[in-house]
Amino acid sequence: MEQRGRRLTDAFVAALELRKYLREGTDFCTALTDLRFQIETLEDGYPEWHPASYPFRGMLKLFVYLEVTGDSYRSLTRHPELADVFGLDQIPNESVISRTWRNRFDDDVRGYVTASAHCLVKEIHNEDLSVPEARPLEEVKQSSEETTDSAENATEFSDDEIYRTTRLAREYGFGPFDSERAQNATYEDTRFFELQTFIGMVGCGTPQGAARFKFRRGKEYGPHGDTHLRAVKQFDPESLLDGFQQATERLLSAIQSESSFRRPVTVAIDITTVRYFGNVEGMPMVSGTKASEGRAFKFATLSIVGWNIPLILAVEPVRESSSWDENPPNRIHRVVRRLVRRAQEHVSIEMVLCDREFDSKAVYQTLSNLDVNYLIPKRIHGDEREAIETMDEDSQKVAVESASVHVEQGSHAIQFLYVPSTKGEGTTVFATNLSVGPKEAETFCRRYSRRWQIENEYKSIKNDFLAKTSSKDYRVRLFYFVFAVLLHNIWRLTDFLLKAGVGGEMDYAPVLTAGECVELVCSPLIPPD
């Protein structure tokens, strides 16, 4: 215990030393470059004769950086300039990074990294230090108490367990998808799914990815890039979304015994963008972005949030009216209706969380008609400003205003909750169809913080699973995004099954990284000797 206490003290001292640099105005990377870790309590898991080409201290800095920023292994490999920050000759590839965390670092080292990084993230947000790379505070708040114990209580899984569990999750996810190609086709659908996974993993285009896949798996194993794209186009949007629906049902069937899924769940709805840089003529599914010159494909998702397994239950393309097409104005409440209805086929929903983009009477009434509760932050207009000014004059921090919604789709009672902003000074206004009193309003609105998980999901989907393409064919674009979401779900199911197999805690933090999982999904999945 004395050794463990000293180790955690060293971890916190490193975080506070970094904080000192940041207070002085030093940028995060420079501060990390200059920092000298106290590592007398840590042991390098590789013996001196091991052919590892990366110094232990440098790899320790690398993982502190990853834990502070929340970046994925793959995104780190795209920034070779960071090698100097860590004191390395070059940035290791994903496999080396993964093996270092699992094999070279023991529980003590992993606990040191997590404790130091999470302490720093809290200090950055508490003091409002200028570190744009830092991950959201909510991501480390949830696991703060587990962090100090993780070095003693981490669960290890054998390679065989990981291989077998990933194979099972992959079968659950891939099974429902059928391109309806001829039975005598040269390649089974699974080969295309493996190639699609590989392309996303290596971060290149389809032609180059297909060539590299053949080199890795054998000349006759994988299809040519053009063949792959032709197969992808066999999935029309409706059948693709139906396949995802069936895959979600199968994934959930693997965990239906988990008691948390027999209770109503909290879900979050949001819209994410995938940038598009080509000509927009004849591209009705391309929309404008908040940046006036930006163009992107938009996709809405509905995800389970909270302490359940974070699966994405539904995906819906977003079609908006733009200057280059004749689309009707987007009616976001219809997107919400389709998402919730699909999700309700799988789980019982207790609460829906949305951001301000969904602040409309039509969305409120749609959710009420679907018999679910909602909590949505409201845009601040004249009426809200007047109410806030009155609160300030009366020195009120919390207020509740009752009203009602009347639209073509129906009507219902609604409440507007005025509570202190969690992002600094000021007041935030939330809309809900639940009856909440002034004493409970602030606590009730904290439920909204669960939405941060959906931002993590989008980051993982785009950095770890989404394959690159320049195709203008929307069938290709939709397939690539939906398949990336499916891979995210396979990863999370694999993680859940591993924890369940050893009676582990069903917390949000995964024990298997996205990079490890995706590499297994696109491999033969034959356990090592």
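Note that this is a predicted model, so its numbers are computed, not measured.
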Undergrad: By ring pair (Phe, Tyr, Trp, His ring centres under 6.0 Å), which residues pair with Tyr480, not counting sequence neighbours?
TA: none
Undergrad: Can you name the residues that form a ring pair (Phe, Tyr, Trp, His ring centres under 6.0 Å) with Phe444, not counting sequence neighbours?
TA: none
Undergrad: Calculate, to the nearest 0.5 Å, the distance between atoms CG and CD1 belonging to Leu251 and Ile312 respectively.
TA: 11.5 Å
Undergrad: Check for me whether the distance between the ring centres of Phe481 and Phe297 falls short of 6.0 Å.
TA: no
Undergrad: In terms of ring plane angle, is the pair Phe28 and Tyr65 parallel, tilted or perpendicular, where the classes change at 30° and 60°?
TA: parallel
Undergrad: Report the residues that fulfil side chain to side chain contact (heavy atoms under 4.5 Å, CB included) with Ala362, sequence neighbours left out, ordered by chain and then residue number.
TA: His333, Ser360
Undergrad: Give every residue pair that meets the salt bridge (Lys or Arg N to Asp or Glu O under 4.0 Å) criterion with at least one member in residues 330-344, sequence neighbours excluded.
TA: Glu316-Arg338, Glu316-Arg342
Undergrad: Please list all pairs meeting salt bridge (Lys or Arg N to Asp or Glu O under 4.0 Å) that have one or both residues in residues 344-353, counting only residues at least two apart or in different chains.
TA: Glu350-Arg447
Undergrad: Enter the distance from Thr272:OG1 to Leu466:CG here, rounded to the nearest 0.5 Å.
TA: 9.5 Å
Undergrad: Please list all pairs meeting salt bridge (Lys or Arg N to Asp or Glu O under 4.0 Å) that have one or both residues in residues 236-250, counting only residues at least two apart or in different chains.
TA: none
Undergrad: So does Cys29 get a backbone contact from the side chain of Thr33, meaning a donor-acceptor N/O pair under 3.5 Å?
TA: yes
Undergrad: Check residues 91-98 and write down every donor-acceptor pair under 3.5 Å in which the side-chain atom is one partner and the other belongs to a residue at least two apart or another chain.
TA:
unit_1: Asn93; atom_1: OD1; unit_2: Ser95; atom_2: N; d: 3.1
unit_1: Asn93; atom_1: OD1; unit_2: Val96; atom_2: N; d: 2.9
unit_1: Ser95; atom_1: OG; unit_2: Glu519; atom_2: OE2; d: 3.4
unit_1: Ser98; atom_1: OG; unit_2: Glu516; atom_2: OE2; d: 3.0

Undergrad: Mind checking side chain to side chain donor-acceptor pair (under 3.5 Å) for Ser411 and listing every partner two or more places apart, or none if nothing turns up?
TA: none
Undergrad: Side chains of Ile199 and His228: does their closest heavy-atom pair fall under 4.5 Å?
TA: yes
Undergrad: Which residue pairs satisfy the salt bridge (Lys or Arg N to Asp or Glu O under 4.0 Å) criterion with at least one member in residues 474-490, sequence neighbours excluded?
TA: Asp473-Arg475
Undergrad: So do the side chains of Thr100 and Phe63 get within less than 4.5 Å of each other, counting heavy atoms only?
TA: yes
Undergrad: Go through the structure and list residues passing ring pair (Phe, Tyr, Trp, His ring centres under 6.0 Å) with Phe358, not counting sequence neighbours.
TA: none
Undergrad: Run the salt bridge (Lys or Arg N to Asp or Glu O under 4.0 Å) test against Asp71 and tell me which residues pass, sequence neighbours left out.
TA: none
Undergrad: Using the ring pair (Phe, Tyr, Trp, His ring centres under 6.0 Å) criterion, which residues pair with Tyr458? Sequence neighbours excluded.
TA: none
Undergrad: Can you tell me how far apart CD1 (Ile269) and CG (Leu367) are? Round to the nearest 0.5 Å.
TA: 6.0 Å
Undergrad: Roughly how far, to the nearest 0.5 Å, is the CD atom of Gln245 from the NE2 atom of His346?
TA: 3.5 Å
